[in-house]
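This structure is a prediction, so every number in the text was calculated from the model and none was measured. Values below: every heavy atom of this structure, side chains too, minus hydrogens, waters and symmetry copies.
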Amino acid sequence: MGVKGFVEGGIASIVAGCSTHPLDLIKVRMQLQGESHVPNPAVQTLRPALAFQTTTTTTSSAIHMPPPPARVGPVATGIKIFRTEGVAALFSGVSATVLRQTLYSTTRMGLYDILKQKWTDKETKTMPLSRKITAGLIAGGIGAAVGNPADVAMVRMQADGRLPVSQRRNYTSVVDAITRMTKQEGVTSLWRGSSLTVNRAMLVTASQLASYDQIKEMILENGLMKDGLGTHVAASFSAGFVAAVASNPVDVIKTRVMNMKVEAGQKPPYAGALDCAIKTVKAEGPMALYKGFIPTISRQGPFTVVLFVTLEQVRKLLKDF
């Protein structure tokens, strides 16, 4: 039964990941909006919060930062990618998505299923919400640690098109990305931002899987709907919304840390997750942590629906195995 849970979860996750990949790419591009306007420590030492308080002492040698471009919505971002990079660009990094879902989601779904079976009351056939959340936290954390290399590769491949041609990494596949990162930046680069990935995965898995099970149980217990497609869609979309709200701030920081370009002999743009969060909030305001929320929920909703609807169908197909 344990292996079966991994197989069912893996198939459903890969289908959901590939079908919503363009939405995930748009989300990543939006999360990186305005990042290039964060001062580079190698160019100046003033922090953004201080730079705007020195208007009375500004000299002719002061550095004048150009105003950030207007923020672009998900539809406009998608259209821009389509026009400037072509329709194929909407699927940039899809090979990394497949690998990520194979490693990360298969692990988290399988582990959650095992814990769910062990912690479910044998008599009532129910599991307390607290245990569902705990199972999600454990499964998500372990899954994220396993899948982090594919996650880093996916973020970089999705973000590559927004860079000037001369600065693009031009990875040809997830294998090429992981190989070049290992050679150029060391093996540890494959786990860059892993603490953020683990934190985000714990939040997403706990909120997504626990919410789905809890909402589905509530619908069935109250007789609102029968156990079928309607129940699965309603419970999964609600779970997707909860997961998006809980994880978006961590997701923004994770995307920026993973995407940062570290030049030899130069100080990295961010010293870590906390440093990235502080610089982002100071330069762009606290709501920057919810950048890309519309495409996040636009992606998280369909992803979660496809994930659980597919999962329920796969379970029916494999129920005799």
Side-chain angles (χ1 to χ4, degrees), residues 1-20 23-24 101 104-144 200-248 293 296-321:
M1 289 297 293
V3 175
K4 187 179 176 183
F6 283 94
V7 174
E8 293 171 344
I11 294 173
S13 298
I14 291 171
V15 171
C18 290
S19 60
T20 59
L23 296 173
D24 193 46
Q101 297 300 337
Y104 159 60
S105 288
T106 299
T107 302
R108 73 178 183 124
M109 298 289 283
L111 288 176
Y112 181 82
D113 189 61
I114 290 174
L115 293 173
K116 183 178 174 182
Q117 290 179 39
K118 288 188 175 181
W119 292 350
T120 295
D121 189 283
K122 304 300 181 183
E123 296 181 359
T124 63
K125 302 293 184 182
T126 60
M127 180 177 171
L129 178 60
S130 59
R131 287 192 176 184
K132 291 173 185 171
I133 294 174
T134 303
L137 291 172
I138 295 172
I142 295 174
R200 176 188 177 277
M202 292 172 70
L203 289 173
V204 168
T205 305
S207 56
Q208 188 184 65
L209 301 189
S211 295
Y212 176 77
D213 283 342
Q214 191 70 20
I215 294 170
K216 180 182 173 184
E217 287 176 12
M218 290 173 61
I219 292 174
L220 296 177
E221 287 175 1
N222 292 299
L224 300 177
M225 286 187 282
K226 295 182 179 180
D227 189 4
L229 183 62
T231 299
H232 302 159
V233 171
S236 57
F237 191 83
S238 300
F241 180 80
V242 173
V245 172
S247 66
N248 203 86
F293 179 74
T296 293
I297 187 59
S298 298
R299 183 259 180 186
Q300 193 69 260
F303 174 87
T304 310
V305 170
V306 175
L307 173 67
F308 286 114
V309 169
T310 303
L311 180 63
E312 297 285 0
Q313 298 306 311
V314 172
R315 282 175 176 170
K316 288 181 181 180
L317 291 173
L318 300 179
K319 65 179 180 179
D320 296 327
F321 290 91

| Inter-residue atom distance Ile11.CD1 - Gln313.CD, 0.5 Å rounding | 12.5 Å
| query | Checking side chain to side chain donor-acceptor pair (under 3.5 Å) against Asp213, which of Lys116, Gln208, Lys132 comes through? | reply | Lys116
| query | How about Ile138 and Tyr112: do any of their side-chain heavy atoms sit closer than 4.5 Å? | reply | no
| Exercise: identify the closest heavy-atom pair between Val306 and Ala16 | CG1-CA, 3.6 Å
| query | Do the non-hydrogen side-chain atoms of Leu307 and Tyr212 ever get within less than 4.5 Å of each other? | reply | no
| query | Given side chains that start at C-beta, do those of Leu209 and Met109 come closer than 4.5 Å, heavy atoms only? | reply | yes
| If you take all heavy atoms of Glu312 and Lys216, which pair is closest and at what distance? | OE2-NZ, 2.9 Å
| task | Mind listing the closest non-hydrogen atom pair of Thr310 and Ala12 along with its distance? | result | CG2-CA, 3.8 Å
| So Phe6 and Asp113, side chain to side chain contact (heavy atoms under 4.5 Å, CB included) or not? Walk me through it. | CA-CA 8 Å; Phe6 283 94; Asp113 189 61; over 6 Å; no
| Shortest non-hydrogen contact from Ala234 to Ile219? | CB-CD1, 4.2 Å
| said: Before you tell me yes or no, could you show the steps for Tyr104 and Thr205 under side chain to side chain contact (heavy atoms under 4.5 Å, CB included), namely the whole-Å CA-CA distance, both residues' side-chain angles and the distance that decides it to 0.1 Å? | reply: CA-CA 11 Å; Tyr104 159 60; Thr205 305; 3.8 Å; yes
| Going from NE2 on His232 to OG1 on Thr304, what distance comes out if it is rounded to the nearest 0.5 angstrom? | 14.5 Å
| task | Applying side chain to side chain contact (heavy atoms under 4.5 Å, CB included), run through Leu311 and Glu8 and close with a yes or a no. | result | CA-CA 6 Å; Leu311 180 63; Glu8 293 171 344; 3.8 Å; yes
| Just by modelled atom types, is the Lys226 backbone N or O under 3.5 Å from a matching donor or acceptor in the Thr231 side chain? | yes
| query | Between atom NZ of Lys4 and atom NZ of Lys319, what is the distance when rounded to the nearest 0.5 Å? | reply | 9.5 Å
| field | OG on Ser207 to CG on Leu137, rounded to 0.5 Å | value | 9.0 Å
| message | side chain to side chain contact (heavy atoms under 4.5 Å, CB included), that's the test. Do Val15 and Gln101 meet it? Break it down for me. | response | CA-CA 9 Å; Val15 171; Gln101 297 300 337; over 6 Å; no
| field | Heavy-atom pair of closest approach, residues Ala243 and Val204 | value | CB-O, 4.2 Å
| Nearest heavy-atom neighbours spanning Leu23 and Pro302 | CD1-CG, 4.3 Å
| field | Residues forming a ring pair (Phe, Tyr, Trp, His ring centres under 6.0 Å) with Phe303, sequence neighbours excluded | value | none
| Does the side chain of Arg108 reach to within under 4.5 Å of the side chain of Ser105, using non-hydrogen atoms? | yes
